[in-house]
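Down below is the structure, laid out as structure tokens.
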Amino acid sequence: MTRMGARLAALGLTLLLAILPGAQALAGKAPEPGTQALARQAPEPGKKTVRLGVTQAVDSMNPFLAVRIISSSIHRWMYGFLTVPDPKTLQPSPDLAESWETSDDKLTWTFKIRANATWSDGKPVTAQDAAWTFNTVMTVDAAKQANGPAVENFESVTATDDRTLVIKTRKPQASMLENPIPIVPKHVWEAVDVGKFENDTSPAVGAGPFIVAEYKKDTYVKLKANPGYWRGAPKIDELHVLFYENPEAANAGLKKGEIDLIGRLAAPQFEALAGDPNIVQWNTQGRRAVYLQLNHGAQTIDNKPVGDGHPALKDPKVRQAIHYAIDKKALADQVQSGLAVPADGSIVPPMYQEFFWKAEGDDLVTHDIAKANEILDEAGYKKGADGVRTTPDGKRKLEMRFSIHTDTPVEDKIAQFLTGWFKEIGIPLSTRKLDANKFTEETGFTGLFDIAISGWSVNPDPEEVLATHLCSRRPTASGEGGGTESFYCDPEYEKLYQEQLSELDRPKRAEIIKLMQKRLYTDAPVIAIYYPNNLEGYRKDRITSITPIPEDKGILYGGSGYWPFYSLDAVAAPADSADGGSGTGLVVGVVVAVVLVGAAGFLLVRRRRSVADERE
């Protein structure tokens, strides 16, 4: 063992002994008071408490910085927006803005902020809060990380009085009523440095259906129903988000009754829930695309090269050949057990038929190893005696890295398939396993990768995910802002984005968005491989009712609105629940997670800005 390895092992043991009572007993120590409560949140007797198990940690409680699906979900529960998706139609419906109107030239939008909305500290929600929020994203580079493109077309945002918000745009903006930015309380946030503020003290001030009452990084988030919520308090008293180190541990927690609901399952974990009479398996169309990110020449926003991507990936012919080498149906069938749709299109999943584009005819890229080899041969990438291709100048072999996440079995399987197929076309592939922070820094900021696994959960209006491929989403030289999914900066794509932004005829706009997807598909800065089904499970002996979004065969956790968790109902915890039942599985999962986080903290002395693996 190296000296560094020994130090990390010692650190892990220290954390283990500090947190797990059983481990302390093995070491001859008595458990420290409160450690069990830290590791597991038992429902309070008589209260309706729902416990959600997740395997993804919050990247930030700061909504200006957070992009992970768990973070975005929590922000949907704790903050209000101008509008929210209607649970039946997914069309924009009133939230903090009770009504709105637009000028004849479609350049000025006037929103009326509802009078009965209050912050959880009792202060009224005003138009000044919304104006401050939007202006901060418009003017502070660090605040652009989560949703910067949503305000790029804004010329000005002003509050003419407490209830009137006026947004003026440079061009008409078709997505105005689907703005994804949470409104934060000005009286709290104007006193902090938005780019550095963790927003991790409790209770956090919000105006959504739930209030964050307690947050332990990488361990749990406890939310309580907001009694002052303008729509009325949720039906449950508390919502606990409990972090597990891996899906298998979370699955075991659901079966044991330590948690009540788990979402975003991979096929093996979903199938493992079959046959349990207390668990409902939930299998519907998903809102997510899984794809490969190719480093075709990473640059900062001022066009300065960064990273060490393989230079051959700058060649569209190489990217096209890689695309032909991939058997997407095999990945959907064998990696996801058929619980996914092969992605013969781009990054908007078929759940959104209005905007979904599927390649056909000459545009369609099929699994064709011979075609891939032909493309590379014609482009001058010759195979050597070892079967490995070299660049046309003969100076570098086409040996590439594939970056995946540590301890993600599904990604391991994808890597195995890709390695075999790429070998057939003369491109050896070596797998690199990175923790989430390292992964997202390298693929979103520093450009230290060749090919990486990625994905995004798409909203009913896909503009947000399309914007992750804009020039403006590349990071600054200092590593701020960002939010790129590909380091893409393509004039044709940019032109189409601006056209769809100002096209108010919805069918015409949909056609432009399909052209954008076609451009991504053919130029291949990213290659969509499949659209996973939405796979979830919940305990019907605990949850008595829950409304998905959309209501017709929609999503529970990770949907595009707060409605499922606002609407759900559950049985109250029995009087003997204070002892909590068996919590061993969760304790072990949390301990492993904390040990990993501690080790990462030992190695990383600065907080990593992250665009995440499980992205919103």
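Predicted model only: the values in this text are computed from it and were never measured.
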For Phe355, what residues pass the ring-ring contact (aromatic ring centres under 6.0 Å, His included) criterion, not counting sequence neighbours? none

Which residues satisfy the side-chain contact (heavy atoms from CB on, under 4.5 Å) test with Lys255, sequence neighbours excluded? Ala272, Leu273, Asp276, Ile279

Hey, what do you get for NE2 (His469) to CE (Met516), rounding to the nearest 0.5 Å? 9.0 Å

I'd like to know if Arg51 and Asp260 make a salt bridge, using a cut-off of under 4.0 Å between side-chain N and carboxylate O. yes

Compare every heavy atom of Pro349 with every heavy atom of Phe356, then report the nearest pair and how far apart it is. CD1-C, 3.7 Å

For Ala66 and Ser60, which heavy atoms make the closest approach, and how far apart are they? CB-O, 3.2 Å

Between the side chains of Thr83 and Glu178, does any donor sit under 3.5 Å from an acceptor? no

Tell me, do Ile326 and Leu418 make a side-chain contact under 4.5 Å, heavy atoms counted? yes

Donor + acceptor pair across side chains of Thr55, Arg264 (<3.5 Å): no

Determine yes or no for a side-chain-to-main-chain donor-acceptor pair under 3.5 angstrom, with Asp86 supplying the side chain and Pro92 the backbone. no

Any donor-acceptor N or O pair under 3.5 Å, side chains Asp59, Ser71: yes

Please check if the side chain of Thr440 supplies one atom and the backbone of Asn437 the other of a donor-acceptor pair under 3.5 Å. yes

Decide yes or no for Val212 and Val221: does some side-chain heavy atom of the first lie under 4.5 Å from some side-chain heavy atom of the second? yes

Please report the interatomic distance OG(Ser472) to CD(Glu152), rounded to the nearest 0.5 Å. 3.5 Å

Counting N and O atoms only, with roles assigned by atom type, does the side chain of Thr219 sit under 3.5 Å from a partner on the main chain of Lys217, one being a donor and the other an acceptor? yes

Does the side chain of Tyr538 come within less than 4.5 Å of Ile262's, by heavy atoms? no

Within-4.5 Å side-chain heavy-atom neighbours: Val458 and Tyr352: yes

Nearest 0.5 Å, please: how far is NZ in Lys222 from CZ in Phe210? 14.0 Å

If I take atom CE from residue Met61 and atom OG1 from residue Thr201, how far apart are they, to the nearest 0.5 angstrom? 9.5 Å

At their closest point, which heavy atom of Gly307 faces which heavy atom of Leu448, and how far apart are they? CA-CD2, 3.8 Å

Give the intermediate values and the outcome of side chain to side chain contact (heavy atoms under 4.5 Å, CB included) for residues Trp77 and Asn226. CA-CA 10 Å; Trp77 302 330; Asn226 181 0; over 6 Å; no

Would you check if there is a donor-acceptor pair between the side chains of Gln269 and Asn251 at a distance under 3.5 Å? no

Checking Phe402 now: which residues fulfil ring-ring contact (aromatic ring centres under 6.0 Å, His included) with it, not counting sequence neighbours? none

Output yes when a side-chain donor or acceptor of Arg542 lies under 3.5 Å from a complementary backbone atom of Leu261, and no otherwise. no

Is a donor from one side chain sitting under 3.5 angstrom from an acceptor on the other, for Ser454 and Glu485? yes

Would a distance-only check, ignoring hydrogens and angles, find a side-chain to backbone donor-acceptor pair under 3.5 Å from Arg68 to Gln56? no

Nearest 0.5 Å, what's the CD1-CG distance between Ile414 and Leu292? 7.5 Å

For Arg401, what residues pass the side-chain hydrogen bond (donor to acceptor under 3.5 Å, both in side chains) criterion, not counting sequence neighbours? Asp308, Asp450

Answer yes or no: is there a donor N or O on one side and an acceptor on the other, between the side chain of Gln145 and the main chain of Leu65, under 3.5 Å? yes

Set of salt bridge (charged side-chain N to carboxylate O under 4.0 Å, His left out) partners for Asp412, sequence neighbours left out: Lys433

Where Val188 and Val192 come nearest, the two heavy atoms and their spacing: O-CG1, 4.0 Å

Minimal non-hydrogen separation, Pro564 against Ile555, with atom names: CG-O, 3.6 Å

From Ile546 CD1 over to Ile236 CD1, what is the distance, rounded to the nearest 0.5 angstrom? 9.0 Å

Check: Gln293 and Phe487 side chains under 4.5 Å, non-hydrogen atoms: yes

Non-hydrogen side-chain atoms of Ile529 and Val335 separated by less than 4.5 Å: no

Just to verify, what does Asn295 make a side-chain hydrogen bond (donor to acceptor under 3.5 Å, both in side chains) with, not counting sequence neighbours? none

Backbone of Val526 reached by a side-chain donor or acceptor of Ser486 within 3.5 Å: no

Do side-chain atoms of Asp95 reach the backbone of Ala97 as a donor and acceptor pair under 3.5 angstrom? no

Mind checking what makes side-chain hydrogen bond (donor to acceptor under 3.5 Å, both in side chains) contact with Thr284, not counting sequence neighbours? Asn534

Using the test side-chain contact (heavy atoms from CB on, under 4.5 Å), find all partners of Ser175 that sit at least two apart in sequence or belong to another chain. Gln173, Asp461, Glu463, Leu501, Arg509

May I ask you to decide if the ring planes of Phe565 and Tyr557 are parallel, tilted or perpendicular, using 30° and 60° as cut-offs? perpendicular

Side-chain donor-acceptor pair present, Asp129, Trp119, cut-off under 3.5 Å: yes

Centres of the Tyr493 and Tyr488 rings: under 6.0 Å? yes

Are any side-chain N or O atoms of Asn459 and backbone N or O atoms of Pro462, one a donor and one an acceptor, separated by less than 3.5 Å? no

Beyond-backbone contact of Glu494 with Leu470, side-chain heavy atoms, under 4.5 angstrom: yes

For side chain to side chain contact (heavy atoms under 4.5 Å, CB included), just list the numbers for Tyr215 and Glu198, CA-CA rounded to whole Å, side-chain angles, deciding distance to a tenth of an Å, and then say yes or no. CA-CA 11 Å; Tyr215 169 60; Glu198 296 290 344; over 6 Å; no

I'd like to know if the side chain of Arg474 pairs up with that of Thr300 as donor and acceptor (distance under 3.5 Å, no hydrogens or angles considered). no

Applying side-chain contact (heavy atoms from CB on, under 4.5 Å), can you list everything that pairs with Ser346, at least two apart in sequence or on another chain? Gln517, Leu520

Within the structure provided, determine whether Pro550 and Met351 are in side-chain contact (heavy-atom separation under 4.5 Å). yes

Suppose we screen for side-chain hydrogen bond (donor to acceptor under 3.5 Å, both in side chains). Which residues come up paired with Tyr530, at least two apart in sequence or across chains? Gln336

Any side-chain to backbone donor/acceptor pair from Ser457 onto Arg288? Under 3.5 Å, distance only. no

List in chain and number order the residues that pass side-chain contact (heavy atoms from CB on, under 4.5 Å) with Asn283, two or more places apart in sequence or in another chain; answer none if no residue qualifies. Phe270, Leu339, Asn533, Leu535

Return the set of residues passing ring-ring contact (aromatic ring centres under 6.0 Å, His included) with Tyr229 (not counting sequence neighbours), or none when no residue passes. Tyr566

Heavy atoms of Thr133 and Pro182 approach each other most closely as CG2-O, 3.3 Å

